[in-house]
Structures are given as structure tokens and as C-alpha cells.
Amino acid sequence: MANLKYSISKLIGKLTYLVLKVMPTGGKAYPGYLYLKNMGVENLNMLIKDQIRDGSILITGTNGKTTTTTMIIELFNRFYDITKSVDNNTIYALTTAILAKKSDIGIFEYGIRDIEHGQPQNVQSQVKPMGVIYTNISREHTQVLGVKKLFKDYVKAKNMLSEGMHGGIIITNADDPNTTYIGCERQKDENHVIYYGFDVDNITDESIGDVACPYCDKPLTYTHNFMNQRGKYSCECGFRRVEPDIKVTSVEITTTNMNIKIEGEVYNRTLDDKISVDVEYKLPLFGTYNIYNVLAATTAYAAFTSRVDQLKDDLESYFDSLSFSILPPGRFEVVELANKKVGIGQGDNGDALNANVNFMKQIINGNDFEFIYTTADENEEEIFKDHMHVIKNSKPTHISVMPGRVSTDAARKYYDEIEKTGLNCDFTSVEYDFEKRVDAIIDLIKKSEYEYVIVTGCGEEQVVWDEVKNRLKKQ
Ligand SMILES: [Zn+2]
């Protein structure tokens, strides 16, 4: 009976998938929802065993997971039969992807905002991934007041995605204290933990303020910051950055490209031993944060590929042909108008906002500029605090503040705090309405008296940024 129920549930799920695939929503979560409703979450593993032959890789983190996942998918897709899903954060969407087809490897982005919605413990115990990849973990917009405890819960949720693994592969960012913490925890359970990081002097950044030690909560001491909280750090309790197994050892930025070198030794699943990586890529000029994504994807491919003799060729041929199209919608880009250069895109946490500002400041090159800041929401004081730090350090000539999310009152309150610091600023109140918000951003850009304009901050949806970019490009 159990088998019959499984077959029927799988069939219903599959049929629903086929029907919904032609619908506008793409049926992203519904077939998976039906399968899990009929069979129970505890039987997801049965489906996975049936559908995915070798094993699955899960990618999580705060920033860069979509780009990293896309790169890993493209790397494997050339030689392997894969099941994939990008931009996922529910077990239903994940199950839907698994229902879609049989394959050798599953590659799934899995964003987790909290334990309740992400169910990381169920995903871990049911998917039983052969690997979990962490990009970085920083405060993002689901964080609310009472911060430290809640950020801890957020880290905990990310941690649970690999908790309980034995003999698996964890690929984690050594430069980020919270992902290093997870790596250290997984090492206790006899997993292969691979740390990746930077080993270059010419990439530096200001820190975004105090970063708490994941073990004892005291502020970490940094000797170098590569990008925001990512750097070389240590704590008086003994916790410190782990020396990376694989590193970016050279970054050369030209007017058209970034040339990078990656070297190291990582555990390879096929060899059950270490494999050397020594590659050089010519990448598009797409910002430092993407070098981390390239490094994470390189490490993942080196760890899971069975094409060990072709490793260098496989990696270099792929990354040398990479273009801007790899970046997800809403990404920061520079739009040239008749009399202005406008850098615009989503920046809904301190980390992302800082990456946008750093990128644009290279173009601004010391000239006067306008900063159009779309604010965080009610109860997102922590995000605002991180944003404020970046905005102040960027030293804009003028700041236009407008609401980025639901609450206009919260936006006004944040504006008051910016004004108190003596910065030259104005506030534009716009009610919560997609069209009105897009119109207001375009209006502010047009009215600005400066040649250089940065537009970033929180947006209720990624589409806001794409809509503004598209309308600007038409003008
Ligand atoms: Zn500590």
C-alpha cells in the first residue's frame, strides 16, 4: 500500500508539474506542495533516492547564492545530467524541482530566512546532500529588533542545513566569521570541510562596524577586511579565521577585465583524496563580490567533478567565457543617460549596499554625486544602521531619501537620523505603490543636478530595480 501511495503521489505531483509548467507562475511550488501533503515531509527522501542518482548539492548564504548556484549549474550542465533550481527558499519549490525529472546530480539554491519557513532540518535529513556550500552570512532584511539573538537564529537556521552531516563535503567561506563557524562545527562530525578565501593585498575594504564572534559574542579583531565583514579576524576566545584550502592569489583589474588566479588543494569526491587547483581566469569587470562567487563555484566543481583530468580545462573554458548575463535581475549596473551616469540596483543589506557603492565610486572617481537612498522598513533598524555606515563613508554631495519598503513613517524616521548627522539631504514621501515608487525614483534621478547618481537601498521586489533600469534605458 505504501508503495502504491508513493507512486500515485509522485504521479499527481508530476502531472501537476506538467500542467502548471505552462501557466504564468511556472508552478514553482505547487506540485511539490501536493507531493509533500500526500506523502508527508518524512517521505521526501524516497523521491530523492528515486530521482537523483549520485547526490545533491545545496547552496545557501546571504549574498551571492543565486550567482554562485547559476555558475555551478552551468559548470556541471556541460557534462552531467542535472536537476536544478535557483532562487528557492521553500521545501515545496525544492520538491517541485526534484519531481521534474530523473538525473545524476541535483544542484539547488536554498535560501533560508528562518527555521520556521525554511525547515532546514527537514531539508537536511531528507535530501541528505553530498555537499552544502555557504557563500557568506550577513544581516539582511528579515532581521528585526533585538538583533543579536535574532541574527544568531538566522545563523542557526543556515547552520542546520548541514547539521547532522557525516562524511559529507562542506564548502565554506573562511573570510566570513559566521560561515567559518559553521565549518568548524562540521569538522567535529568528520566531514570534509573545504575553506575558500582571498590571499591578496590589493583588495581592501572598510569594515561595516563591529562583528560579533559567533562563539562568544565579543567583537572580533580584524587585521584586514577584503569586503565588509569578510577578512582576517580573530577573537580573544581563540576563534580565528582558518587558513583557506583554496585561495584567490592574484587579482588584476584592468579597464576592461579582472584577471584572477586561484590556487589550492581541495578534497575531491571521486578521488576520495585531494586534487590540485591552479587556474587563471579573465573575468568581466563585475565587482569584487563576484570574485567570491567565482571562487565558491570553482571550489564546488573541483570537489564534485569526476572529470579530474580535465579539471583545469573545464574551469578555464567556462570562466573565460563568462559574461554579465550570469548576474541575477535587480543587480547593480550603470546606466548612461545623455547627461548622467546612474548606478542603480538592489542593496537590501549593508553588505550588498557597500558592494554597489564601492563599484560606483570607481566610476565617480572623486567627483560630486547624488545618493538616492531607498530606506529599510519598520523594525529594520539594524539594516538601516549598516546602510547608514556605508552612506556616511561614501561622502555623497547630496542625499535624496525615499521609502524603499512598506512603511513611509519608518522612512521618515530614518531620514531624520540621516539629517541629524549634518549631511546634505532631502526627503520624498511616496506611498506604498509599485508604479508611484518607480515614477518617484525616475523623477529624482532626472531632477538631480549631479552628473553621477547612485540609486540603491531596499526595494520591496527585485522588479522595482529592473523596471527603473528599463525605463531609463528607453530615454
Ligand atoms: Zn570569541
Side-chain angles (χ1 to χ4, degrees), residues 60-64 112-115 120-121 124 132-140 142-165 168 170-200 203-247 289 292 295-296 299 349-351 354 381-383 385-386 388-390 393:
T60 197
T62 305
N63 299 113
I112 310 158
R113 291 204 172 148
D114 59 32
I115 296 167
Q121 72 285 21
Q124 163 57 220
V132 178
I133 298 163
Y134 290 93
T135 57
N136 61 71
I137 301 178
S138 62
R139 295 193 280 231
E140 67 167 356
T142 48
Q143 300 314 309
V144 288
L145 276 177
V147 192
K148 267 183 185 158
K149 190 169 168 279
L150 282 163
F151 181 61
K152 268 198 148 15
D153 284 346
Y154 178 66
V155 177
K156 189 177 164 195
K158 301 273 185 201
N159 181 38
M160 283 167 86
L161 196 64
S162 60
E163 204 170 24
M165 276 174 90
I170 315 293
I171 296 175
T172 199
N173 191 337
D175 297 346
D176 186 299
N178 286 300
T179 52
T180 295
Y181 157 75
I182 294 172
C184 293
E185 288 298 295
R186 284 308 88 75
Q187 267 176 307
K188 295 175 186 167
D189 302 321
E190 287 160 22
N191 291 293
H192 303 279
V193 179
I194 305 171
Y195 294 93
Y196 62 89
F198 280 13
D199 187 15
V200 285
I203 304 286
T204 57
D205 191 14
E206 288 181 53
S207 110
I208 56 168
D210 276 356
V211 180
C213 171
Y215 281 101
C216 74
D217 266 347
K218 291 197 186 99
L220 294 170
T221 309
Y222 279 80
T223 55
H224 189 98
N225 286 81
F226 295 115
M227 249 196 85
N228 303 333
Q229 85 282 9
R230 277 155 283 183
K232 295 184 178 175
Y233 49 83
S234 61
C235 178
E236 58 187 60
C237 76
F239 173 69
R240 54 169 43 244
R241 175 181 183 253
V242 177
E243 186 60 25
D245 301 290
I246 179 166
K247 309 168 186 181
Y289 53 105
Y292 272 111
L295 177 61
T299 310
N349 54 64
D351 209 12
N354 196 28
E381 281 79 2
E382 274 299 312
I383 306 297
K385 210 175 116 195
D386 290 346
M388 183 69 193
H389 189 84
V390 176
N393 277 336

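Remember, it's 1-based here, ligands and their atoms both numbered in the order they're listed. In what follows, residues are counted from 1 in the order of the sequence shown.
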Practice task
Check the angle between the aromatic planes of Y215 and Y181 and answer parallel, tilted or perpendicular using the 30° and 60° thresholds.
Solution key: perpendicular

Problem - Student check: side-chain heavy atoms of L220 and Q229 closer than 4.5 Å - result: no

Exercise for the section: Calculate, to the nearest 0.5 Å, the distance between atoms OG1 and CD belonging to T172 and Q187 respectively. Expected result: 10.0 Å

Handout entry: Passing candidate, side chain to side chain contact (heavy atoms under 4.5 Å, CB included) with D175, options F226, Y196, Y195
Key = F226

Fill in the blank from the handout: Protein-derived N, O or S atoms sitting under 2.8 Å away from the Zn ion (ligand 1) total 4

Handout entry: Min side-chain heavy-atom separation T204-H224 under 4.5 Å
Key = yes

Handout entry: Atom pair NZ/OG1 of K158 and T179 - distance to nearest 0.5 Å
Key = 11.5 Å

